[in-house]
Student: 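I have a structure I would like to understand better, so I am pasting it below and will then ask my questions one at a time.
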There are 2 protein chains.
Amino acid sequence: MPTNKKKPQVTASPERRRELLDTAAEVFAAQGYNATTVRKIADAAGMLAGSLYYHFDSKESMLDEILSAFLNELWAGYDTVLAAGLGPRETIEALVTESFREIDRHRAAVAIYQKEARTLSAQPRFHYLSDSQVKFEKAWLGTLERGVAARVFRADLDIRLTYRFVRDTVWVAASWYRPGGQHSPEEIARQYLSMVLDGIAVRT
Amino acid sequence: MPTNKKKPQVTASPERRRELLDTAAEVFAAQGYNATTVRKIADAAGMLAGSLYYHFDSKESMLDEILSAFLNELWAGYDTVLAAGLGPRETIEALVTESFREIDRHRAAVAIYQKEARTLSAQPRFHYLSDSQVKFEKAWLGTLERGVAARVFRADLDIRLTYRFVRDTVWVAASWYRPGGQHSPEEIARQYLSMVLDGIAVRT
DNA sequence: ATCCTTCCCTAACAAGTGTTTGGTAGGTTA
DNA sequence: TAACCTACCAAACACTTGTTAGGGAAGGAT
């Protein structure tokens, strides 16, 4: 007996909700959350604006569901990697590869996250975005520090700068990545790792 | 004798315009263009919404001025670098350094550009954003190709992927960079170049 | 045949949006 | 003093926004 806070949906099939959330995510990603009107979402779904409210409480709760569903899947993958007890370099490799797989699967959600996370996390409802970001930083920074201590990563770099470098490098890819392109997520991860780890200059 | 298209401003001092554009840019960067109402801009400027229209034709033309002013300065710097006749590696180094200087000087404008450029460039008024992007890609990709031909950059990487890697790596910095921090633009450029060119792994 | 459930439509609402119009305080110029 | 210019305010405009309320069509269950 779920006692939802505000407006418990009477009846609504989860499949249809998923469908609508997917199209909503596409529109959000393409136009930006604020620039997206519920009428545009309804258009893309082939229905009228008011009809969306049979399935969802509000435009904001659509965004909420999209982002939290993505983050849940992301952390399922990350936690598996982090629990595997790999070395620092192998952990970074696994995290990057996993990240590109998530981009492949949740391209729209990632794009939305990239654009809106900073402003949203101020809102109490989206405070879990901040939590996630803290956890994220802990995982990556910790791995980098382990790598420096183990002498597999360079010690002469600002580690915080390195963290942002690696993080951004991976996730901005969502802005241009299109699934079904000529490179698989794994192939992109391989090339990115090659650049990040060994650089683009020829070794002399 | 300027014959402006729609609504030539009767009289308005350029200095005040600059001031207002700077505060508008800050709000745009912090909240996003669409989420920013003219009333919020007016609040930040200590005046009422309607008063902005003494200085500007529209909210859109404020954005236009902010972005084109930034791009003009950016290309002034880039063109100087590109005309210097440097080698490929030195050109990349100079471009990256110049980019971080621009981020330092136009943090807000860069942030706005990052968030809104893709959607804006569809609009005819902002088509110069597409032009700039094409020119941008030509400059960077060309330099990378010269570097591969001269055997100073690795030949085993997808060059288009490398381009996006380097480009994104540099410009996303605007999302977290704060002027007056502990690192100067030149220092950040130095570390970024070290990572991009030589990688973060220890050489064995 | 009746009821019920699911899913959507029609039509409106209040609040917020960018923008316009006319006015006006205060300084500069004549 | 009078005329004028600059920079703003006050109040409204037409429109778009997210959201709601009531209704109804289709189909399965009873």
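Below, chain A is the first sequence line, B the second, and so on; all start at residue 1. Just so you know, these numbers come straight off a predicted model, no measurement behind them.
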Student: Would one find a side-chain N or O of B:S51 under 4.0 angstrom from OP1 or OP2 of D:dC9?
Tutor: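 Yes, such a contact exists.
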Student: Only pairs under 3.5 Å count here: list side-chain donor-acceptor contacts from residues 134-147 of chain A, not counting sequence neighbours, and write none if there are none.
Tutor:
residue: A:E137; atom: OE2; partner: A:R160; partner atom: NH2; Å: 2.3
residue: A:T143; atom: OG1; partner: A:A139; partner atom: O; Å: 2.7
residue: A:R146; atom: NH2; partner: A:L86; partner atom: O; Å: 2.8

Student: Check B:E26 with B:R107, please: is the shortest side-chain N to carboxylate O separation under 4.0 Å?
Tutor: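 A salt bridge links B:R107 with B:E26.
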Student: Within the pair A:S13 and C:dT6, is there a side-chain N or O less than 4.0 Å away from OP1 or OP2?
Tutor: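 Checking C:dT6 against A:S13, no side-chain N or O comes under 4.0 Å of OP1 or OP2.
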Student: Taking only side-chain N and O atoms of B:R16, does any of them lie within less than 4.0 angstrom of OP1 or OP2 on D:dT6?
Tutor: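 False: B:R16 side-chain N/O out of range (4.0 Å or more) of D:dT6 OP1/OP2.
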Student: Rounded to whole angstrom units, what separation is found between the CD1 atom of A:I41 and the C1' atom of C:dC8?
Tutor: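 Nearest whole value for this atom pair: 17 Å.
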Student: Could you tell me the separation between the CG atom of B:L63 and the C1' atom of C:dG18, rounded to a whole number of Å?
Tutor: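 From B:L63 CG to C:dG18 C1': 14 Å.
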Student: 5'-most contact on DNA chain D: B:M47 or A:E60, nearest heavy atom basis?
Tutor: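 Result of the comparison: B:M47.
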Student: For the pair A:W171 and A:Y78, name the ring-plane relationship: parallel under 30°, tilted 30 to 60°, perpendicular over 60°.
Tutor: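 Tilted: the ring planes of A:W171 and A:Y78 meet at 30° to 60°.
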Student: Separation of B:L48 atom CG from C:dG23 atom C1', in whole Å?
Tutor: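 Taking atom C1' of C:dG23 as the reference, CG of B:L48 is at 14 Å.
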Student: I need the CG-C1' distance between B:L52 and C:dT20, as an integer number of Å.
Tutor: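 For the pair B:L52 CG and C:dT20 C1', the rounded distance is 14 Å.
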Student: Under 4.0 Å between a side-chain N/O of B:Y54 and OP1 or OP2 of D:dC8, yes or no?
Tutor: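 So the side chain of B:Y54 is outside the cut-off, no N or O lying under 4.0 Å from OP1 or OP2 of D:dC8.
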Student: Return the polar atom pairs (N/O with N/O) between nucleotides 15-18 of chain D and the protein under 3.5 Å, or none.
Tutor:
residue: D:dG18; atom: OP1; partner: A:T36; partner atom: O; Å: 3.2
residue: D:dG18; atom: OP1; partner: A:K59; partner atom: NZ; Å: 2.9
residue: D:dG18; atom: OP2; partner: A:V38; partner atom: N; Å: 2.9
residue: D:dG18; atom: N7; partner: A:R39; partner atom: NH2; Å: 2.7
residue: D:dG18; atom: O6; partner: A:R39; partner atom: NH2; Å: 3.0

Student: I want to verify a distance call: between D:dC8, C:dC9, D:dT19, whose nearest atom is closest to the B:H55 side chain?
Tutor: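 Taking heavy atoms from C-beta onward, the closest nucleotide is D:dC8.
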Student: For A:F28, which residues count as a ring pair (Phe, Tyr, Trp, His ring centres under 6.0 Å) partner, sequence neighbours excluded?
Tutor: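 Once residues adjacent in sequence are excluded, the partners of A:F28 under the ring pair (Phe, Tyr, Trp, His ring centres under 6.0 Å) criterion are A:Y33.
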Student: Check the distance between C:dC8's C1' and A:R17's CZ and give it to me in whole angstrom.
Tutor: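 To the nearest whole Å, that distance equals 16 Å.
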Student: Separation of B:Q31 atom CD from C:dT17 atom C1', in whole Å?
Tutor: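 That distance rounds to 15 Å.
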Student: Does B:R190 pair with B:E187 as a salt bridge, N-O distance under 4.0 Å?
Tutor: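 Judged by the 4.0 Å cut-off on N to carboxylate O distance, B:R190 and B:E187 do form a salt bridge.
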Student: Measuring only between side-chain heavy atoms, which start at C-beta, is B:R101 closer than 4.5 Å to B:R105?
Tutor: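 Yes. Closest side-chain heavy atoms under 4.5 Å.
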Student: If the plane angle is over 60° it's perpendicular, under 30° parallel, otherwise tilted; pick one for B:F70 and B:H106.
Tutor: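 Ring orientation of B:F70 relative to B:H106: tilted.
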